Amino acid sequence: MAKDIWIGDVQNGDYDGQEVELKGWIKRTRGSNKIRFVVLRDSTGTIQCVAKRDVVGDDAFEAVASALIESSLIVRGTVNVDERSEGGHELVVSGVEIVGPVDPERPFPITESAMKAADGGETEFLLDNRHLYLRTSRMTTMLKMRSSVFGAIHSYFRDLDFVEYQAPNFVAGAVEGGSTLFEVPYFGRKAYLTQSWQLYAEAAMPALERLYTIAPSFRAEKSRTRRHLTEFWHAEMEIAWATNDEVMNHGEGVVRHIASTLLDERSEELQSLGRDLELIGRYADSPFPRMRYDEAIEILQAKGVDVEWGQDLDYSKEKILTQDFDVPHFLTHYPKIAKPFYHRVDPEDDKYVLCHDLLAPEGYGEIIGGGERTWSEQEILARLEEEGTPKEAYQFYIDTRSYGGVPHGGFGLGVDRVCSWLSGADHIREVIPFPRDSRRVTP
RNA sequence: GCCGAUUUAGCUUAGCUGGUGGAGCGUGGGACUGUUAAUCCCAAGGUCGUGGGUUCGAGCCCCACAAUCGGCGCCA
């Protein structure tokens, strides 16, 4: 029953002149009462199948003629090289079996008009029918790109002997501000969905020294932007004995490795999305410049932007700043008052913390946030006090500093944001199969 | 949380100054032996988001609500 012939291989010329059996779904049909053209789709590509009435017989011909888009079929025939067929190959059909028919009362709803209106973006209708939209060529392309991005992150860290490590998704305390926590009932108590793997990773840092994960994080932000999801995939790393600069080296390393992996594995997909391969090549090959927060403020002020020292840089300002960037840039050394307690204060100037954000070009904004962690027990207690954060929820975290605290750091990378940026998507929703935002948890 | 916009057939849309809502795709029927989103002919399919108001008369004007979309704040 398993299939062993893939349409992509047929289009590559692996079966020219041979008798084959193809399994797939109807993408489109056309023809007359004597000859029918069925464009068959599988996960690897499409091919035109030609059924002639006098060859296949009346019954099979009528079956093909009445089969609607997205019916599943098994088609037997001979592979023919023919310029008239898209892809250069076609199947001259000798026999057909309709496996899963489509009811004419309920034809496949994702029509050309629905796709055309979306024009690569998303409409309410397509989001409501996401389970069916997944099998269109644009979504298939996005999902293949996404798979390569995940694979590249794993291979980057594993090749450097990082250990993959899992943290719980039910947690008791916040990493970011408490207002963005999803509260869930937990046997009469309250628990929250995790916002980050970080605090639990820091607990394992003395055991594993180099660790990473790719896992979902949850943030109850009512953000209505093309960069936000409430459930997003978070690639995080934590490394012992490392400085802010050394952590940044890994951030740069993994992002460049993702870009070069996409060029290796998905150049066809990149091109079908209209991406310039030279541009992606530049992301893979160029070093990412590093700029201190103060420098960014000066640049913005010189451009006439109304911004004061001490403010966190919001997206509208990031956007102005990144306009002139042709590769991602790191922003480092933010003012202490703009960042939470776990960022280590710069020993050379206590107005700053040793942190970094990586800003993607082309208007895609922040894709990495990270830095060196506050690692001594005294410092972390002082920072919590300064912030007015109650220390009870973080007792286990403070404990990790009491027994052999060492300098360390890490970062979190928004995997969906990276997918969105590198594929040139109009919206982050386009790169995840079932997007979750403040207005949508279905389908 | 704030600001702005949209809602007409399964989908995508047109709709003039307020005077009996048109089309393309899809579906069904018919014609056609090489089509590329095939083409040609025909048909079915609409209480115009919901509720109220103004008017002799509302898809169109007013109010409320809802859903959706875009942007901001916050972040990955």
Side-chain angles (χ1 to χ4, degrees), chain A residues 27-39 46 48-55 61 66 68-70 80 82-87 90 92 102-119 121-129 132-133 175-177 179-180 195-198 214-236 251 311-319 338-340 357-360 364-370 411-421 426-429 437-440:
Chain A
K27 184 184 165 80
R28 190 165 292 128
T29 66
R30 48 186 172 255
S32 69
N33 65 343
K34 300 276 172 53
I35 183 168
R36 297 291 307 177
F37 301 94
V38 174
V39 180
T46 61
Q48 172 167 282
C49 304
V50 187
K52 295 177 181 173
R53 188 188 283 275
D54 56 10
V55 174
F61 189 86
S66 65
L68 297 187
I69 286 174
E70 288 304 316
N80 191 27
D82 195 317
E83 281 181 0
R84 291 173 296 184
S85 177
E86 200 177 313
E90 65 179 16
V92 181
V102 171
D103 181 357
E105 296 283 316
R106 296 188 301 118
F108 192 67
I110 315 292
T111 58
E112 291 289 341
S113 54
M115 296 285 291
K116 188 178 162 192
D119 192 28
E122 311 271 324
T123 60
E124 182 184 7
F125 178 76
L126 291 178
L127 288 164
D128 286 342
N129 288 280
L132 302 176
Y133 184 42
V175 178
E176 310 292 339
S179 60
T180 62
Q195 298 174 305
S196 168
W197 160 97
Q198 180 194 325
I214 307 179
S217 284
F218 306 88
R219 300 205 181 156
E221 292 161 352
K222 286 187 180 167
S223 310
R224 300 192 47 73
T225 79
R226 57 189 63 194
R227 307 178 307 284
H228 283 84
L229 295 167
T230 52
E231 176 181 349
F232 68 97
W233 285 80
H234 210 174
E236 297 183 85
Q311 282 183 316
D312 208 350
L313 292 181
D314 58 49
Y315 178 67
S316 61
K317 298 183 184 72
E318 278 178 7
K319 204 171 172 181
K339 292 286 176 181
D357 286 353
L358 182 64
L359 307 182
Y364 284 89
E366 190 178 336
I367 52 176
I368 280 180
F411 66 77
L413 173 148
V415 182
D416 317 278
R417 281 191 182 176
V418 169
C419 292
S420 185
W421 161 51
D426 291 331
H427 199 294
I428 197 167
R429 277 193 303 245
D437 62 34
S438 61
R439 305 250 176 129
R440 183 176 288 278

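On a predicted model such as this, the values are computed, not experimentally measured, just so you know. Throughout, protein chains are lettered first and strands after them, A, B, ... in sequence-line order, and every chain is numbered starting at 1.
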Subject >> Spacing of A/L126 atom CG relative to B/rU68 atom C1', expressed in whole Å >> reply: 13 Å
Original post:
What is the nucleic acid contact for A/D312, judged by heavy atoms within less than 4.0 Å: base, sugar-phosphate only, or nothing?
Top reply: sugar-phosphate
Subject >> Residue met sooner reading RNA chain B from 5', once A/G31 and A/D82 are mapped to nucleotides >> reply: A/D82
Subject >> Length of the OH-C1' vector between A/Y133 and B/rU12, whole Å >> reply: 14 Å
Original post:
Closer than 4.0 Å, any side-chain N/O of A/R226 to the OP1 or OP2 of B/rG71?
Top reply: yes
**OP:** Sticking with atom C1', work out how far B/rA58 lies from B/rG15, rounded to a whole angstrom.
**Re:** 14 Å
**OP:** Rounded to the nearest angstrom, tell me the gap between atom NZ in A/K319 and atom P in B/rG71.
**Re:** 8 Å
**OP:** Remember a base hit wins even if backbone is also touched, and classify A/Q311 as base, sugar-phosphate or nothing at under 4.0 Å, heavy atoms.
**Re:** nothing
Original post:
Think A/K52 has a side-chain N or O under 4.0 angstrom from the OP1 or OP2 of B/rU33?
Top reply: no
Original post:
Which part of the nucleic acid does A/E366 contact within heavy-atom distance under 4.0 Å: base, sugar-phosphate only, or nothing?
Top reply: sugar-phosphate
Original post:
How far, in whole Å, is B/rA66 from B/rG24 if one measures between their P atoms?
Top reply: 38 Å
**OP:** Could you tell me the separation between the CD atom of A/E105 and the P atom of B/rG28, rounded to a whole number of Å?
**Re:** 9 Å
**OP:** Spell out, as yes or no, whether a donor-acceptor pair under 3.5 Å connects the side chain of A/R36 to the backbone of A/F61.
**Re:** no
**OP:** Verify, without hydrogens or angle tests, whether A/R53 (side chain) and A/N33 (backbone) share a donor-acceptor contact under 3.5 angstrom.
**Re:** yes
**OP:** Extract the stems that RNA chain B is part of, considering only consecutive pairing runs of at least three Watson-Crick or G-U wobble pairs, both distances under 3.5 Å.
**Re:** B:1-7 with B:66-72, B:10-13 with B:22-25, B:27-31 with B:39-43, B:49-53 with B:61-65
Original post:
Given B/rU35, B/rC11, B/rC75, which nucleotide is nearest the side-chain atoms of A/R219?
Top reply: B/rC75
Subject >> Basic-acidic side-chain contact under 4.0 Å: A/D54, A/K52 >> reply: no
Subject >> Quiz item: A/R224 side-chain donor-acceptor pair to B/rC74 base, under 3.5 Å >> reply: no
**OP:** Look at the side-chain N and O atoms of A/N33 and state whether any lies under 4.0 Å from the OP1 or OP2 oxygen of B/rU33.
**Re:** yes
Subject >> Separation of B/rU33 C1' from A/R36 CZ (nearest whole Å) >> reply: 12 Å
Subject >> Nucleotide nearest A/A114 (side chain, heavy atoms from C-beta), chosen from B/rC11, B/rA37, B/rG34 >> reply: B/rC11
Original post:
With sugar-phosphate meaning primed atoms plus P, OP1 and OP2, does A/I368 contact a base, only sugar-phosphate, or nothing at under 4.0 Å between heavy atoms?
Top reply: sugar-phosphate
Original post:
So what does A/P104 touch, heavy atoms closer than 4.0 Å: a base, only the sugar-phosphate, or nothing?
Top reply: sugar-phosphate
Subject >> Pairing residues for A/F232 by the ring-ring contact (aromatic ring centres under 6.0 Å, His included) criterion, not counting sequence neighbours >> reply: A/H234
Original post:
In terms of the nearest nucleotide of RNA chain B, which residue is placed more toward the 5' end: A/D437 or A/G412?
Top reply: A/D437
Subject >> Test item: A/R439 and A/R224 side chains (from C-beta on) under 4.5 Å apart, heavy atoms >> reply: yes
Original post:
Rounding to the closest angstrom, what is the interatomic distance between B/rU47 and B/rA9 at atom C1'?
Top reply: 13 Å
Original post:
Which atoms form the tightest heavy-atom contact between A/T230 and A/S438, and what is the distance?
Top reply: CG2-N, 3.8 Å
Subject >> Gap in Å between the two C1' atoms, one belonging to B/rC60 and one to B/rG70, rounded >> reply: 25 Å
Original post:
Quantified in whole Å, what is the P atom distance between nucleotide B/rC63 and nucleotide B/rA44?
Top reply: 39 Å
Subject >> Under 3.5 Å donor-acceptor, A/E90 side chain and A/S85 backbone >> reply: no
Subject >> Separation of atom NE2 in A/H228 from atom P in B/rC72, rounded to whole Å >> reply: 10 Å
**OP:** Looking only at side-chain atoms of A/E221, point me to the closest of B/rG28, B/rG34, B/rA76.
**Re:** B/rA76
Subject >> Side chain A/S32 and base B/rG34 donor-acceptor under 3.5 Å >> reply: no
Subject >> B/rC16 versus B/rC61 - spacing of their C1' atoms, nearest Å >> reply: 16 Å
Original post:
Does the ring of A/F232 lie flat against the base of B/rA76, closer than 5.5 Å centre to centre with planes under 30°?
Top reply: yes
Original post:
Whole-Å distance between B/rA76 C1' and A/L229 CG?
Top reply: 10 Å
Original post:
Base, sugar-phosphate, or nothing for A/Y315, non-hydrogen atoms under 4.0 angstrom?
Top reply: base
Original post:
So does A/R440 pair up with A/D128, basic N to acidic O under 4.0 Å?
Top reply: yes
**OP:** Give the nucleotide from the list B/rU33, B/rG1, B/rG28 with an atom nearest to the side chain of A/D54.
**Re:** B/rU33
**OP:** Report which part of the nucleic acid A/T29 touches: base, sugar-phosphate, or nothing (heavy-atom distance under 4.0 Å, all strands).
**Re:** sugar-phosphate
**OP:** Look at A/R429 and B/rG70 and indicate whether a side-chain polar atom (N or O) is within less than 4.0 Å of OP1 or OP2.
**Re:** yes
Original post:
With a 4.0 Å cut-off on heavy atoms, is A/S316 in touch with a base, just the backbone sugar-phosphate, or nothing at all?
Top reply: sugar-phosphate
Subject >> Integer angstrom distance from the P of B/rC65 to that of B/rG57 >> reply: 26 Å
Subject >> Side chain of A/T111 - closest among B/rG34, B/rG73, B/rG26 >> reply: B/rG26
Subject >> Between B/rA14 and B/rG59 - C1' atom distance, rounded Å >> reply: 12 Å
Original post:
Mind checking whether A/P104 and A/L68 have side chains closer than 4.5 Å, heavy atoms only?
Top reply: yes
Original post:
Do A/T46 and A/E86 have side-chain N/O donor and acceptor atoms under 3.5 Å apart?
Top reply: no
**OP:** Kindly point out which of B/rG34, B/rU27, B/rA76 is positioned nearest to the side chain of A/P107?
**Re:** B/rU27
Original post:
Could you state the CD-C1' distance from A/E124 to B/rA66, rounded to the nearest angstrom?
Top reply: 12 Å
Subject >> A/Y315 vs A/T225, side chain to side chain contact (heavy atoms under 4.5 Å, CB included): CA-CA, chis, key distance, verdict >> reply: CA-CA 10 Å; A/Y315 178 67; A/T225 79; over 6 Å; no
Original post:
Taking the side chain of A/H234 as its heavy atoms from C-beta onward, which of B/rU33, B/rU27, B/rA76 lies nearest to it?
Top reply: B/rA76
Original post:
What's the closest nucleotide to the A/K34 side chain, out of B/rG28, B/rG26, B/rU33?
Top reply: B/rU33
Original post:
Is the phosphate of B/rC75, meaning OP1 or OP2, less than 4.0 Å from a side-chain N or O of A/T225?
Top reply: no
